[in-house]
Trainee: 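Take a look at the following structure, please.
Heavy-atom basis, side chains included; hydrogens, waters and symmetry copies ignored.
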Amino acid sequence: MYFAFDSDQEEFRSSLRRLLSERAPMTRVREVAEHGTYDAETWQLLTSNMGIPGLHIAEEFGGGGFSVLETAIVAQELGRALTPVPMLGTTGAIEAVLRLGSAEQHRALLPELLDGSAIGALALSGAKDTTVAAARVRATGDPSAPLLTGRLDYVAFGHVADLLVVPALTPAGDTVGLYVIESGAAGVRITAQPSLDPTRPVATVELTDTPAALLGSDPESIGRVVDLVRTLLANEALGAAEAVLEMAVTYAKQRVQFNRPIGSFQAIKHKCADMAIAIDAAQATVMYASMCAESDNEEFPRVAVMAKSQAAECLTLCASQNIQIHGGIGFTWEADPHLYFRRAKATEPLFGDHAHHTDLLADLVGI
């Protein structure tokens with residue numbers, strides 16, 4: 001099996017990287033992050049001109065008709081640039097509607113999500129949220145016109161979303177389904193919260209008898225939605241780790257100590273080598289997970305867990321080593337390394353931390 005993107009995909013990556021460097025440089029990222037919002041101009045450009053949220057969605061639904069690999073490239077480049085746009089949540093919401101929704105819901109919800117006129121938020125942090133014991137929102141009333149009540153914390157870009165996909169106990173109370181609600185519906189209160197990672201702001205969503213529509217409650221389909229988001233999150237972390245390594249190597253060549261570039265010292269070389277080895281290892285796992293997502297094969301649930309866990313650990317290693325290489329300036333607000341470290345620490349618990357992934361993988365392989 002050949003773990004590499006083809007020439008067309010690499011050309012697409014180059015175009016996207018060039019666009020982000022021109023339209024959303026780090027100065028722009030910082031400006032948007034300080035306001036706790038998202039880069040609306042870049043998001044509009046990515047959605048209206050490039051159809052980013054639905055690249056891998058079939059053309060019959062209004063998507064681009066490409067593969068998950070193209071979407072993985074987008075996630076990597078957005079992670080590399082720390083671009084503050086609601087890509088992950090919108091793509092997750094699209095996947096939930098597509099896998100669980102009815103034909104009528106496809107027609108009603110997908111067009112606006114795909115063209116960027118509506119922002120989606122997937123109010124999930126992992127598979128635990130879809131278990132009866134962990135559900136924090138409850139659906140009541142008529143199953144055909146349910147009302148949701150409960151609270152969800154740390155919803156990424158929740159305060160700018162137009163449409164939220166929410167896990168909630170069904171009225172029968174024996175299973176969890178995914179429901180869709182509009183942010184402006186009755187009983188919805190969304191409050192922006194401080195975020196460790198300012199490039200991925202979060203919000204608290206409080207629901208009180210909020211009208212909703214059930215997408216579906218099939219555990220396997222919900223699991224596939226979670227697995228796809230895990231895989232894209234892994235690609236995002238991988239892209240950020242690659243950017244961090246480049247940053248560290250560039251600084252090590254420029255910074256002079258004792259009349260020598262610090263990159264000539266063995267300790268610095270070892271740190272950079274450790275980062276490169278971790279990235280190479282993560283690349284293989286993340287690429288395989290993306291390929292499994294495209295074929296939607298039986299290995300996908302296991303590999304998605306492995307990819308997210310390994311990529312998150314890789315980013316944490318690289319981000320922390322990068323700060324060490326930069327020295328004291330690395331964690332100051334004026335320097336960029338701390339932004340990647342914040343992204344790393346905020347990514348770790350998303351859709352399960354390393355311990356949770358280890359337990360989940362053991363269950364999946366029957367250990």
Trainee: For residues Ser295 and Asn297, is any side-chain donor paired with an opposing acceptor at under 3.5 Å?
Mentor: yes
Trainee: Give the minimum heavy-atom separation between Ala24 and Thr42, together with the two atoms involved.
Mentor: CB-OG1, 3.8 Å
Trainee: Not counting sequence neighbours, which residues clear side-chain contact (heavy atoms from CB on, under 4.5 Å) with Pro337? List them please.
Mentor: Met247, Asn322, Ile323, His326, Ala335
Trainee: Would you please say whether a donor-acceptor pair under 3.5 Å links the side chains of Ser117 and Glu112?
Mentor: no
Trainee: Among residues at least two apart in sequence or on other chains, which ones pass side-chain contact (heavy atoms from CB on, under 4.5 Å) with Thr37?
Mentor: Val32, His35, Val160
Trainee: Write down the atom of Tyr179, the atom of Leu148, and the distance for their closest heavy-atom approach.
Mentor: CB-CD1, 3.8 Å
Trainee: Is there a salt bridge (charged side-chain N to carboxylate O under 4.0 Å, His left out) between Arg107 and Glu104? Walk through the geometry before answering.
Mentor: CA-CA 5 Å; Arg107 290 190 295 270; Glu104 182 180 350; 5.5 Å; no
Trainee: Does the pair Ser67 and Glu294 meet the rule for a side chain to side chain contact (heavy atoms under 4.5 Å, CB included), with working shown?
Mentor: CA-CA 6 Å; Ser67 71; Glu294 172 60 20; 3.3 Å; yes
Trainee: Answer with yes or no whether the side chains of Glu242 and Gln283 bring together a donor and an acceptor at under 3.5 Å.
Mentor: yes
Trainee: Of all the heavy-atom pairs spanning Ile325 and Ala248, show the shortest one and how long it is.
Mentor: CD1-CB, 3.8 Å
Trainee: State whether a side-chain donor-acceptor pair under 3.5 Å links Ser183 with Asp162.
Mentor: no
Trainee: Judged by modelled atom types alone, do Asp39 and Thr83 share a side-chain donor-acceptor pair under 3.5 Å?
Mentor: no
Trainee: So which heavy atom on Ile329 is nearest to which on Thr332, and how close?
Mentor: O-OG1, 2.7 Å
Trainee: So which heavy atom on Cys318 is nearest to which on Ala241, and how close?
Mentor: SG-CB, 4.2 Å
